[in-house]
Protein chains: 2
Amino acid sequence: MDPAEFQRPLNFCQACAVRNRAICADLDEGEIDLLNRIGRRQRLRAGDQLLWEGDEAVLVANVVEGVLKLSTQTADGREQILGLAYPSDFLGRPFGQLTPYGVEALTDALVCVFQRSDFDRFAREHPRLEHKLLERTLTELDRTRRWMLLLGRMSAEQKLAAFLIEMSERLSPATCAAEPGAIDTLELPLSRQQIADVLGLTIETVSRQFTRMKAEGLIDLPSRRDVRILQRAALEDRAA
Amino acid sequence: MDPAEFQRPLNFCQACAVRNRAICADLDEGEIDLLNRIGRRQRLRAGDQLLWEGDEAVLVANVVEGVLKLSTQTADGREQILGLAYPSDFLGRPFGQLTPYGVEALTDALVCVFQRSDFDRFAREHPRLEHKLLERTLTELDRTRRWMLLLGRMSAEQKLAAFLIEMSERLSPATCAAEPGAIDTLELPLSRQQIADVLGLTIETVSRQFTRMKAEGLIDLPSRRDVRILQRAALEDRAA
DNA sequence: CGAATTGTTGATTGAGTTCAATGCAGGTGG
DNA sequence: CCACCTGCATTGAACTCAATCAACAATTCG
């Protein structure tokens, strides 16, 4: 890995792509400086593991670029992906002993990492940060609960349609936060197997649904990882 | 309803059954007094609705006694229960505009209700409360994510076994928090239909699984709402 | 007691899994 | 440059578990 990645510029927060959306958004200059001192940036390659399920929770992190997956194993070794993390999302378990799920980079990624002990202390001393983290956690809980509905009640077709819609929304110009502009051409950061693990399906079912949606003209599949949404409204209907 | 339920004793927090476990646990006397002033206790009958999905979020609450369900509807009208709330659990969506799910009492219940605006203000002025709420929300997020695994990957048998194990743990002497002592005789606060909605199954499948577990000697069913766990270890194996 | 609600049981169906074969792209080395 | 491998993805066929449809039993309630 390039050793330059580990150098610490005077204050990397200032140029941070997620500066206005992540939990550090409300901090003032002095606080940012302090936070900057206890954190470091780390670049991850697709496939790199950042946190291991069950490990002692020593790290927390903020996603700056890229997409990561949170996952856990079933007793029989299959994987269930618990969620995906996009830029400005928070990773890890503050104020807890154990990391409750594994975190792995799906694409090349850039994260802002803290020792949990440092972060916990900082958070307790800076209520504005803690408040942001609370808001984010509440939002994430809502999102996760809505996803339960998907897993518990939806058909394979509905699951994949919903997945594609969500992807197109969260993958849109990674930079912008405000406008929820969805894009129609997307490069999936997940393999078929990983999509299956997100949706609680098998790879074969995912593949068949892709094929069917393509045959029906809802989407086009220029290559394995590329999807073009041709009829968004119709796709949204299927996701109902 | 008994009007005595609405009287406000000088400080009902002092005698509160969940005083040491709920988010108010770390507050000092003065803070408790203030909180006491903005909240009120409300008794609910089984079946009463406390919050409606999609409504403006005007209330938040703490569960003191009883079991409530959080739920949402699918487009085609079926219900998915997103989670259950037990004593000391927190309900509602602080710092948010909309209530993201409905809340209904499954048993008679006692809750401690706040206007969201009052609560939000109080929370922002009292970081210790906000911290407790954050810890609780993080724990709830972890629990919810583990439940996703259940919905996404488990068979009907595994789902029901896991449900019974969890119930027996969370229903145990509602008073105690520390010791995780599970009980072997429980009165279910849910109908068959509601269990089905929690587990993402149909009522028939739930019924069949109950019958089978009874036939296999894992449990006994003295009545519709009563379950006696006869072989906990074996039941836990099924929940794997 | 009869009506209504809730739960159980049986028969059938079907969506999604499993097992198995084939296709396809990106390397690697002869 | 092409043959060959390897890992992912697609397609097909058989099977399975849970959903659905339907009848019936048990409780609850007026």
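Protein chains get the first letters and strands the later ones, always in sequence-line order, with residue 1 at the start of each. These values consider heavy atoms only, across backbone and side chains, with no hydrogens, waters or symmetry-generated copies.
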Between B/Asp142 and A/Arg93, is the closest basic N to carboxylate O distance under 4.0 Å? yes
Does B/Thr211 place a side-chain N or O at less than 4.0 Å from the phosphate oxygens OP1/OP2 of C/dT8? no
Please report, rounded to the nearest Å, how far the P atom of C/dG7 is from the CZ atom of B/Arg225. 7 Å
Out of C/dT18, C/dG7, C/dG16, minimum distance to the side chain of A/Thr202 belongs to C/dT18
Is the closest side-chain heavy-atom distance between A/Arg153 and B/Arg78 below 4.5 Å? yes
Over how many whole Å does the gap from B/Ile195 atom CD1 to C/dG7 atom P extend? 8 Å
Any donor-acceptor pair, under 3.5 Å, between the side chain of A/Glu204 and the base of C/dC19, if you only look at N and O atoms? yes
Using heavy-atom distances to pick each residue's nearest nucleotide on DNA chain D, tell me which of A/Thr205 and B/Met154 is more 5'. A/Thr205
Within the modelled atom types, does a donor on one side and an acceptor on the other bring the side chain of A/Arg192 and the base of D/dC8 under 3.5 Å apart? no
Starting from C1' on D/dC17, measure out to CG on A/Leu201 and report it in whole angstrom. 15 Å
A/Arg212 has an atom CZ; how far is it from atom C1' of C/dA15, in whole Å? 10 Å
So, does the side chain of A/Arg78 form a donor-acceptor pair with the base of C/dT17 at under 3.5 Å? no
Any salt bridge linking A/Arg43 with A/Asp48? Criterion: basic side-chain nitrogen under 4.0 Å from a carboxylate oxygen. no
Quick test of your reading of the model: are B/Glu216 and B/Arg238 salt-bridged, counting only N-O distances below 4.0 Å? yes
When you check the phosphate oxygens OP1 and OP2 of C/dA25, does a side-chain N or O of A/Ser223 lie under 4.0 Å from one of them? no
Atom-to-atom span, CZ of A/Arg208 to P of C/dA15 - whole angstrom: 13 Å
Length of the NZ-P vector between A/Lys159 and C/dA15, whole Å: 14 Å
Measure from CD on A/Gln193 to P on D/dA9 and round the result to the nearest Å. 8 Å
At under 4.0 Å, does any side-chain N or O of A/Ser207 touch on OP1 or OP2 of D/dA9? no
Answer yes or no: side-chain N or O of A/Arg224 and base N or O of C/dG26 forming a donor-acceptor pair under 3.5 Å. no
Just one of A/Glu79, A/Gln80, A/Glu104 clears the side-chain hydrogen bond (donor to acceptor under 3.5 Å, both in side chains) bar with A/Ser71, so which one? A/Glu79
From CD1 of A/Ile203 across to C1' of D/dG7 the rounded distance in Å is 10 Å
